[in-house]
Amino acid sequence: MSKRKMSRKSKLIWILIVIGFAAMEFPGILFVGDKAYPFLFGIPFLYAYILFWWLYLCVVIFYAYKNNWGRFHNKS
């Protein structure tokens, strides 16, 4: 039985995805939600924060798609 090794790109993509999800679920963001009118680009701060990380993850997933992420190549 052969062991499959993850490439450097695969590890990088996994790390970027975990960072994105961890930032979306970061509980410390709730401390700034009570401030007086925190707006970014005309929308409430919490919406802008989540929108930014959502866009970040879309870019990471597109990068992964373009690099055939998740496909192991057999060198037999």
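The first residue in the sequence is number 1, and the count goes up from there.
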Exercise. For the atom pair CD1 (I13) and CZ (R8), what is the distance rounded to the nearest 0.5 Å?
Worked result: 13.0 Å
For this session: Without swapping roles, check the side chain of Y56 against the backbone of L16 for a donor-acceptor pair under 3.5 Å.
Result: yes
Exercise. Within a strict 4.5 Å, meaning less than it, do heavy atoms of the I61 and I17 side chains meet?
Worked result: yes
Problem set entry | Considering all heavy atoms, the nearest M24-I50 contact | O-CD1, 3.8 Å
Exercise. Does W54 share a hydrophobic cluster with Y63, counting links as ILVMFWY side-chain heavy atoms below 4.5 Å and allowing steps through other members?
Worked result: yes
Problem set entry | ILVMFWY network linking L51 to V59, side-chain heavy atoms under 4.5 angstrom | no
For this session: Verify side chain to side chain contact (heavy atoms under 4.5 Å, CB included) between I15 and I19, making sure each step is shown before the conclusion.
Result: CA-CA 6 Å; I15 290 169; I19 288 171; 3.8 Å; yes
Problem set entry | Y49 and W53 aromatic ring geometry - parallel, tilted or perpendicular at 30°/60° bounds | perpendicular
